[in-house]
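Okay, structure first, notes after.
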Protein chains: 2
Amino acid sequence: MYCIVHFFGRQVFFTRIFMCSGVRKDLKEARRQAMMDAAEALFLEKGYGRTSLSDIIRRSKGSRTTLYENFGSKEGLLRTIIKEACLKAQQAIQADDKPLSLTEESLVDLGVRFAAFALTPMSLAVFRIIAMERKLIPELAENFFETSILPIREQLIRRFQNSLDAEKLPCSIDRVATVFLGSILGDLHFRHSLGLSKDTPEEIREHVRSAVRIFLNGIGGVERKAA
Amino acid sequence: MYCIVHFFGRQVFFTRIFMCSGVRKDLKEARRQAMMDAAEALFLEKGYGRTSLSDIIRRSKGSRTTLYENFGSKEGLLRTIIKEACLKAQQAIQADDKPLSLTEESLVDLGVRFAAFALTPMSLAVFRIIAMERKLIPELAENFFETSILPIREQLIRRFQNSLDAEKLPCSIDRVATVFLGSILGDLHFRHSLGLSKDTPEEIREHVRSAVRIFLNGIGGVERKAA
DNA sequence: ACTTTCATGTACTGTATAGTACATTTTTTC
DNA sequence: GAAAAAATGTACTATACAGTACATGAAAGT
């Protein structure tokens with residue numbers, strides 16, 4: 001048995017593999033994975049509509065037949081990619097479930113990790129694709145939201161419920177969490193979605209720090225200043 | 001002279017017009033406008049990639065030749081539509097330049113008008129299209145940002161400069177304005193871009209009110225609470 | 001009224017592409 | 001080691017579409 005392994009960026013696949021028995025499934029799986037990697041890369045790069053199956057086949061060094069056996073159609077491939085992306089997002093977020101105290105530093109850290117995740121080329125591309133193809137895959141749009149933003153919001157809500165006096169807040173805990181996340185991500189996500197700017201990690205941290213400061217003041221329960 | 005006027009939804013165009021002299025230019029302009037209306041509607045509905053020129057020609061009851069004479073190419077048509085949308089946005093925002101005091105009611109009103117504008121099907125569609133085609137029309141992406149978000153932010157910044165003591169703020173005035181707008185729009189725009197939910201005006205107002213309250217507390221300049 | 005000019009409509013071309021059918025190669029089974 | 005089964009590669013089909021060329025028809029000038 002021998003195999004030739006190609007490296008294409010972060011993408012690994014096998015060709016010309018003469019195997020001992022029982023390895024077939026692995027090969028099939030490897031091909032499938034190679035196709036998904038290629039499709040993912042191309043969808044991120046050019047979007048769903050502009051990516052042709054031939055592109056994907058070329059890049060993955062696979063074949064049309066294999067693609068159709070694994071995914072059934074172009075749409076099937078898209079669904080698989082998006083689902084996988086959601087799964088990855090979920091795992092990344094769960095792995096990131098650090099204990100959270102309501103100090104500036106702690107919230108800034110949470111915010112920066114959240115922003116860093118949401119501004120990943122991957123996250124942005126998935127967002128764009130779903131925004132565009134939302135009529136094709138509406139249930140995956142929900143899935144995306146539920147596995148990316150919602151877990152973080154719920155983590156925040158739990159934390160707030162334990163530490164904040166709901167009576168003294170200017171609005172419900174749910175809204176507090178929503179407003180907080182929005183203030184962190186709103187501007188950044190909007191600009192990055194449009195490909196307008198690529199803020200440095202330092203700039204992002206500074207922005208998040210500003211948002212956190214205003215937020216912590218904001219839920220402090222002191223009387224407002226009118227001008 | 002007589003003309004037959006067709007109504008197709010909000011779209012008006014003329015066919016079979018036998019005119020007195022000098023009206024030709026008007027007809028040409030009407031045709032051009034009909035095409036832009038049709039293209040706009042279709043781009044909003046199906047996106048740029050999924051809309052074919054034949055669709056647009058059919059819907060506008062115009063002809064291929066006219067389309068190419070007016071816009072040169074499909075991309076030219078897209079550019080025209082986006083530019084026009086930016087222009088409309090700019091006008092809508094300028095018309096909306098009410099005097100602003102830093103009271104809760106005043107900021108809620110501003111926020112609600114801002115959100116209402118940004119969550120318009122039109123605004124969302126333009127956003128989606130630019131996000132998707134940003135590599136085709138990068139300068140229009142900038143243009144979009146500069147004519148939609150930026151004017152409002154600058155209006156806020158001017159207002160803040162007049163009324164707030166920069167020394168007492170937790171961060172620069174620019175960031176204050178950015179964070180404020182983000183806290184209002186972040187969550188709403190994200191969900192609406194994905195087509196996930198259609199909040200009622202009441203819900204939007206409640207959300208904006210929450211954001212404004214937290215914000216006004218937040219810039220109050222009091223010491224933060226740590227937990 | 002006749003010609004010129006401009007606007008419009010339509011038929012066509014070349015290309016790209018999703019999906020299918022079949023041929024080829026590799027692995028398993030006996 | 002030959003036949004069967006499975007996986008893979010490739011050639012093809014049908015279609016959709018952007019863009020072009022040309023034909024048709026109406027208004028303007030004289």
Side-chain angles (χ1 to χ4, degrees), chain A residues 1-4 6 13-35 38-39 42-43 46-81 133 136, chain B residues 1-4 6 13-35 38-39 42-43 46-81 133 136:
Chain A
M1 166 208 187
Y2 79 96
C3 64
I4 304 173
H6 297 258
F13 48 81
F14 305 84
T15 56
R16 289 296 121 77
I17 311 192
F18 302 88
M19 293 165 301
C20 327
S21 73
V23 203
R24 239 185 186 171
K25 292 262 164 62
D26 294 350
L27 175 60
K28 194 167 185 182
E29 187 48 38
R31 280 274 143 90
R32 187 187 146 89
Q33 196 55 51
M35 286 201 151
L42 286 163
F43 286 169
K46 318 202 294 177
Y48 175 69
R50 288 202 200 296
T51 303
S52 78
L53 293 184
S54 298
D55 285 344
I56 296 168
I57 291 157
R58 238 194 319 277
R59 165 104 71 138
S60 73
K61 298 255 196 294
S63 86
R64 246 181 164 62
T65 314
T66 312
L67 193 154
Y68 274 91
E69 270 183 9
N70 279 313
F71 309 104
S73 71
K74 196 186 179 190
E75 192 189 315
L77 184 53
L78 175 65
R79 300 181 103 86
T80 312
I81 300 283
E133 314 292 340
L136 205 62
Chain B
M1 167 207 187
Y2 79 97
C3 66
I4 304 173
H6 296 258
F13 48 80
F14 306 84
T15 57
R16 291 296 122 75
I17 312 193
F18 302 88
M19 294 164 302
C20 326
S21 73
V23 203
R24 241 186 185 170
K25 289 263 164 61
D26 294 350
L27 175 61
K28 192 167 187 181
E29 187 46 39
R31 277 276 142 91
R32 188 186 146 91
Q33 196 54 52
M35 285 203 152
L42 285 162
F43 286 168
K46 319 202 295 178
Y48 175 68
R50 287 203 200 296
T51 302
S52 78
L53 293 184
S54 297
D55 286 344
I56 296 167
I57 291 157
R58 237 193 320 276
R59 165 105 70 141
S60 73
K61 297 256 195 295
S63 87
R64 242 178 167 65
T65 314
T66 312
L67 193 154
Y68 274 90
E69 269 183 10
N70 278 314
F71 309 104
S73 69
K74 195 186 179 190
E75 192 189 315
L77 184 53
L78 175 65
R79 300 181 103 86
T80 312
I81 300 281
E133 314 293 340
L136 204 62

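Excluded from the calculations below are hydrogen atoms, water molecules and symmetry mates; all remaining heavy atoms, backbone and side chain alike, are included. A, B, ... follow the sequence lines: proteins, then strands. Residue 1 opens every chain.
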Rounded distance in Å - CZ (B/R64) to P (D/dA23): 18 Å
Main-chain N/O of A/G47 paired to A/T51 side chain as donor or acceptor, under 3.5 Å: yes
N or O in side chain of A/S63 less than 4.0 angstrom from D/dG9 OP1/OP2: yes
Protein-nucleotide distance (B/I56, atom CD1; D/dC17, atom P), rounded to Å: 11 Å
Interatomic distance, B/Y68 OH vs D/dG19 P [rounded to whole Å]: 4 Å
Note, A/D55 side chain near A/R59 side chain (heavy atom, < 4.5 Å): no
B/E133 side chain near A/R50 side chain, heavy-atom distance below 4.5 Å: yes
Shortest side-chain distance from B/S52, nucleotide among D/dT10, D/dG19, D/dA18: D/dA18
Distance below 4.0 Å between B/T66 side-chain N/O and C/dT8 OP1 or OP2: yes
Spacing of A/I57 atom CD1 relative to C/dG19 atom C1', expressed in whole Å: 10 Å
Approximate separation, where rounding is to 0.5 Å, of A/T66 OG1 and A/R31 CZ: 6.5 Å
A/R31 CZ - C/dT26 C1' separation (whole Å): 11 Å
A/K74 NZ to C/dA16 C1', straight-line distance once rounded to whole Å: 11 Å
Atom pair distance, as rounded to whole Å: CG in B/L53 and C1' in D/dG19: 8 Å
Atom-to-atom span, CD of B/E69 to P of C/dT5 - whole angstrom: 16 Å
First encountered from the 5' end of DNA chain D, between A/N70 and B/G49: A/N70
